[in-house]
**Student:** 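Below is one structure. I have some questions about it.
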Protein chains: 2
Amino acid sequence: MAKPGVLTPQAEDFPRWYQDVVAKAELADNGPVRGTMVIRPTGYALWERIQREMDDRIKAAGAQNAYFPLFIPQSYLAREAEHVEGFAPELAVVTHAGGKELEEPIVVRPTSETVIGEFMAKWVQSYRDLPLLLNQWANVVRWELRPRVFLRTTEFLWQEGHTAHASREDASAYARRILHEAYQDVIAGVLGIPVVVGCKTVKERFAGAINTMTLESMMRDGKALQMGTSHELGQNFARAFGIEYTSDTGSREHAWTTSWGSTTRMVGALVMAHGDDNGMRVPPNLAPVQVLVMVVKAGDGVAEAAEQLVDDLRAAGVRVALDDRVDTAFGRRAVDAELKGVPVRIEVGPRDLADQKVTLVRRIAGSKTPTELTAVVTAAKAALAEDQDVLYSEALERREKSTVDVATVADAAEAAKTGWARIPWSTLGVEGEAELAKDAVSVRVLTRPDGGVPDGPDEADLTAWVARSY
Amino acid sequence: MAKPGVLTPQAEDFPRWYQDVVAKAELADNGPVRGTMVIRPTGYALWERIQREMDDRIKAAGAQNAYFPLFIPQSYLAREAEHVEGFAPELAVVTHAGGKELEEPIVVRPTSETVIGEFMAKWVQSYRDLPLLLNQWANVVRWELRPRVFLRTTEFLWQEGHTAHASREDASAYARRILHEAYQDVIAGVLGIPVVVGCKTVKERFAGAINTMTLESMMRDGKALQMGTSHELGQNFARAFGIEYTSDTGSREHAWTTSWGSTTRMVGALVMAHGDDNGMRVPPNLAPVQVLVMVVKAGDGVAEAAEQLVDDLRAAGVRVALDDRVDTAFGRRAVDAELKGVPVRIEVGPRDLADQKVTLVRRIAGSKTPTELTAVVTAAKAALAEDQDVLYSEALERREKSTVDVATVADAAEAAKTGWARIPWSTLGVEGEAELAKDAVSVRVLTRPDGGVPDGPDEADLTAWVARSY
């Protein structure tokens with residue numbers, strides 16, 4: 001367990017606790033240019049695992065990876081009126097390059113609908129070219145006024161998918177497929193974070209979309225975090241960039257496009273959804289290191305037993321690492337493993353080993369159990385499976401306890417001080433939404449009674465989930 | 001085989017052939033901002049495979065991935081005098097962001113020694129913190145006067161490794177380890193491209209390095225392409241950024257740093273080292289699709305047999321894809337597979353299948369062989385193994401035939417019109433090097449008689465490899 005004082009307790013100051021974890025677990029540092037971040041190896045390993053899981057699912061949904069330029073001519077953004085209005089205040093602009101002033105300023109991509117739209121228009125000619133399903137892993141830049149590491153940074157890493165379809169129905173179905181089969185599956189199933197899936201209000205919609213779908217999660221301070229979004233762009237970008245195709249009846253039609261993104265903020269979500277006063281708690285399905293075998297101190301056969309255990313765990317399909325840095329105090333190493341949230345530690349010391357035992361430490365359950373050496377691989381695997389579910393259940397229970405149904409705007413604002421409120425969208429409406437905004441409270445997501453994702457905020461019988469948010 | 005006229009023949013106009021392949025095989029397009037590129041799915045799949053192979057080896061060498069910001073304060077670059085002199089003419093500069101003019105202009109990273117140096121100085125305190133072995137996969141920007149897709153683009157993708165060590169010996173050994181165990185192993189073993197490994201002259205050295213090591217390969221037009229570089233940076237950056245540590249005897253010392261990079265130009269190398277007049281020839285070890293099972297036309301059991309074959313090949317560990325687009329002319333699909341260089345095609349048609357046969361087409365050998373259905377998985381695997389070696393041997397033989405030993409600068413310049421020249425570095429010298437530069441000929445690499453990589457151009461008995469280059 002971490003020594004008292006390593007981290008500011010959550011209950012005392014949650015934002016400070018978050019900053020402490022990010023620093024002490026060596027996840028990230030602030031970069032030299034305001035709002036940028038340096039993702040350190042511990043943080044980046046989490047992102048790489050998220051990438052791998054997400055990329056597999058995106059490919060399974062038929063999209064192919066590509067790469068579009070970082071630099072976009074400023075004129076491209078102006079072609080879609082709502083889009084440029086939404087992004088203009090956040091742009092970074094290159095005015096000089098190669099020692100000269102440029103004739104046309106270049107923007108550093110805040111998102112790539114415009115440049116990808118330009119190329120889709122080249123590549124799409126016939127209905128046979130559709131659907132066109134593209135994805136890219138890239139960095140993007142949005143000048144943030146109130147940056148916060150992982151959650152809102154001037155530069156962040158993400159995947160952005162961009163697709164073109166022959167019909168609204170096909171575009172709509174694909175945007176939903178990604179929402180569920182990629183985003184929800186990774187966030188709930190791998191990150192162990194429950195999500196509420198629905199659509200955004202017009203106020204919260206992506207600039208240029210006809211419907212923005214979202215997944216919202218509750219952090220341990222009761223605030224909401226948007227985990228990913230999938231947009232139906234209608235024919236807005238197809239018209240702006242001339243993405244047209246010849247249909248099977250020979251007519252010329254505009255395509256229907258979608259875009260969808262998920263970012264490095266998921267690393268921040270992981271910290272804030274599961275972390276406790278001792279540091280991170282990383283869900284086993286995600287953990288780059290699921291089991292850390294620790295040599296407590298050198299002694300009769302300890303190193304050999306630890307190495308054998310690493311081999312056995314690896315052979316059993318476990319992501320395992322060895323900590324044999326006996327020149328560093330064991331307590332310090334244990335605190336570090338707690339901070340970084342390694343799900344299972346197996347401590348191998350000379351005294352236990354004399355009895356053919358080791359100690360199994362579960363970060364999520366918080367237990368320490370002497371275990372027979374011959375039984376520890378099985379016990380570790382069982383712990384990993386169990387604790388993945390424990391984290392998810394805990395988070396779901398917390399969200400349910402912290403969400404109340406209300407009937408008035410005043411009660412919604414009050415509830416949002418500590419958690420979430422649910423209120424009929426017909427009761428709240430855009431006026432109520434504007435009222436809440438004065439207290440920095442917003443409608444995070446609109447859901448349908450049947451659990452389906454709405455086509456937009458105009459549908460009947462929608463529930464508004466109201467919260468403060470990151 | 002591709003129809004005559006699809007590609008400009010290599011012998012007629014090699015640069016035009018290259019542009020044709022890049023376009024027709026759908027590898028990349030030029031981006032809207034001068035010198036940028038759009039990497040299309042076919043090209044990006046090659047890059048992803050290169051990344052995976054390189055990343056595995058970099059991790060095996062002990063380096064960890066991280067991510068540093070795209071934006072670097074302009075003042076950082078100025079701290080290392082040679083470095084800023086080398087990169088200043090190529091910088092892209094952000095002067096406005098968030099709707100305002102910035103107080104200090106920001107450069108878009110051309111490489112990250114400076115920003116990583118700044119953080120190494122924070123993280124390195126004691127000899128226990130060394131070696132610090134970092135790598136990142138990122139985009140970088142260098143304003144190029146004569147851009148060419150994949151080979152020299154304003155923005156490119158790469159990995160850049162940055163390490164800090166307690167001694168020059170350790171730094172030197174690690175820079176060499178990456179050169180051999182990561183770069184040479186991937187380029188020769190996976191890309192199937194022979195390399196000459198050595199060091200650069202002072203003129204060709206990285207700005208700020210004390211020794212730049214390189215791997216150079218010959219393209220099919222006789223020009224050289226630098227495939228990757230690994231730099232010993234001495235204590236230059238450690239002094240500029242204050243990367244200091246307390247040694248085990250308590251003294252304060254500057255660290256010794258290295259950096260090393262390999263880029264998307266390897267995709268261009270793949271085209272130019274192996275391609276022929278029908279398109280790319282992708283080495284089996286790299287190929288995203290090693291075997292393409294093609295349904296020639298629909299018919300009795302053809303689709304089922306093709307699908308079964310895909311399953312069998314996948315079960316045998318082959319990367320396989322199915323082409324069952326029978327609504328597109330078979331000839332067109334075959335030309336496309338030739339262009340994209342898929343190593344092995346298995347054509348499944350109703351007539352052959354009636355005799356329990358399929359046709360095995362080998363892109364690299366250029367053969368078409370009717371093969372028993374029951375024997376085709378084994379035959380395909382044998383072809384993949386064999387053709388990997390064939391590509392490498394062909395390229396090595398071509399290089400050896402096109403490289404001559406010369407004794408004068410004039411003969412070196414003459415030889416470089418069509419291939420490479422080898423000349424004792426003691427004969428050539430910096431004067432000869434300057435003389436050759438007038439004809440756009442340069443010293444690509446200096447090698448030692450014993451095959452080891454020199455510590456620099458001052459060693460005795462070095463051989464200079466002289467060529468025109470990309």
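No hydrogens, no waters, no symmetry mates; every other heavy atom, side chains included, goes into these values. As the structure is a computational prediction, the values presented were derived from the model and not from experiment. First the proteins, then the strands, lettered A, B, ... as listed; each starts at 1.
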**Student:** What heavy-atom pair brings B/G117 and B/I243 nearest, and what distance separates the two atoms?
**Tutor:** O-CG1, 3.6 Å

**Student:** Dump the table of donor-acceptor contacts under 3.5 Å between chain B and chain A, or return none if there are none.
**Tutor:**
| residue | atom | partner | partner atom | Å |
| --- | --- | --- | --- | --- |
| B/D29 | OD2 | A/K122 | NZ | 3.3 |
| B/D29 | OD2 | A/W123 | NE1 | 3.2 |
| B/I39 | N | A/Y67 | O | 2.7 |
| B/I39 | O | A/Y67 | N | 2.9 |
| B/E48 | OE1 | A/K59 | NZ | 3.4 |
| B/E48 | OE2 | A/K59 | NZ | 3.1 |
| B/E48 | OE2 | A/N65 | ND2 | 2.8 |
| B/K59 | NZ | A/E48 | OE1 | 3.4 |
| B/K59 | NZ | A/E48 | OE2 | 3.1 |
| B/N65 | ND2 | A/E48 | OE2 | 2.7 |
| B/Y67 | N | A/I39 | O | 2.9 |
| B/Y67 | O | A/I39 | N | 2.7 |
| B/Y67 | OH | A/N139 | ND2 | 3.3 |
| B/Y67 | OH | A/E155 | OE2 | 2.5 |
| B/L70 | N | A/E155 | OE1 | 2.8 |
| B/L91 | O | A/G98 | N | 3.0 |
| B/V93 | N | A/H96 | O | 2.8 |
| B/V93 | O | A/T95 | N | 3.3 |
| B/T95 | N | A/V93 | O | 3.3 |
| B/T95 | OG1 | A/T95 | OG1 | 2.6 |
| B/H96 | O | A/V93 | N | 2.8 |
| B/G98 | N | A/L91 | O | 3.0 |
| B/K122 | NZ | A/D29 | OD2 | 3.3 |
| B/W123 | NE1 | A/D29 | OD2 | 3.1 |
| B/N139 | OD1 | A/N139 | ND2 | 3.0 |
| B/N139 | ND2 | A/Y67 | OH | 3.3 |
| B/N139 | ND2 | A/N139 | OD1 | 3.0 |
| B/E155 | OE1 | A/L70 | N | 2.8 |
| B/E155 | OE2 | A/Y67 | OH | 2.5 |

**Student:** Give, as side chain, backbone, both or neither, the part of A/L145 having an atom under 4.5 angstrom from any heavy atom of chain B.
**Tutor:** neither

**Student:** Based on non-hydrogen pairs under 4.5 Å, which of B/P32, B/G99, B/G31 is most in contact with chain A?
**Tutor:** B/P32

**Student:** Would you mind telling me which of A/G98, A/P73, A/P105, A/G43 has the largest number of heavy-atom pairs within less than 4.5 Å of chain B?
**Tutor:** A/G98

**Student:** Given a strict heavy-atom distance threshold of 4.5 Å, which part of B/L157 is in contact with chain A: side chain, backbone, both, or neither?
**Tutor:** side chain

**Student:** Can you tell if the side chain of A/L46 reaches within under 4.5 Å of the side chain of A/L286, non-hydrogen atoms only?
**Tutor:** yes

**Student:** Go through the atoms of B/F71 and report whether side chain, backbone, both or neither lie under 4.5 Å from a heavy atom of chain A.
**Tutor:** both

**Student:** Which atoms of A/P89 are under 4.5 Å from chain B, going by heavy atoms: the side chain, the backbone, both sets, or neither?
**Tutor:** backbone

**Student:** So if I apply the side chain to side chain contact (heavy atoms under 4.5 Å, CB included) rule between A/V271 and each of A/L27, A/V149, A/L151, which one comes out positive?
**Tutor:** A/L27

**Student:** Looking at B/P69, B/A92, B/A88, which makes the most heavy-atom pairs under 4.5 Å with chain A?
**Tutor:** B/P69

**Student:** Rounded to the nearest 0.5 Å, what separates atom CG in B/L134 from atom CD1 in B/I58?
**Tutor:** 12.0 Å

**Student:** Would you give the length of the straight line joining atom CE of B/M120 to atom CZ of B/F237, rounded to the nearest 0.5 angstrom?
**Tutor:** 11.0 Å

**Student:** Which one of B/L102, B/V141, B/V115, B/I116 has the most heavy-atom pairs closer than 4.5 Å to chain A?
**Tutor:** B/V141

**Student:** Where is the tightest heavy-atom contact between A/A66 and B/I39, given as atom of each residue plus distance?
**Tutor:** CB-O, 3.3 Å

**Student:** Where do B/V267 and B/I50 land on the side chain to side chain contact (heavy atoms under 4.5 Å, CB included) test, with the steps shown first?
**Tutor:** CA-CA 9 Å; B/V267 178; B/I50 295 172; 4.2 Å; yes

**Student:** Against chain A, label B/L70 side chain, backbone, both or neither, depending on which of its atoms sit under 4.5 Å from a heavy atom there.
**Tutor:** both

**Student:** For B/P110 and B/L77, which heavy atoms make the closest approach, and how far apart are they?
**Tutor:** CG-CD2, 4.3 Å

**Student:** Can you give me the closest heavy-atom contact between A/I106 and B/V33, atom names plus distance?
**Tutor:** CD1-CG1, 3.6 Å

**Student:** Give the minimum heavy-atom separation between A/L292 and A/A337, together with the two atoms involved.
**Tutor:** CD2-CB, 3.9 Å

**Student:** Specify the closest pair of heavy atoms between A/A207 and A/G86, including all atoms of both residues, with the distance to one decimal.
**Tutor:** CB-CA, 3.9 Å

**Student:** Examine whether an atom of A/V107 lies under 4.5 Å from a heavy atom of chain B, and if so say whether it belongs to the side chain, the backbone or both; otherwise answer neither.
**Tutor:** neither

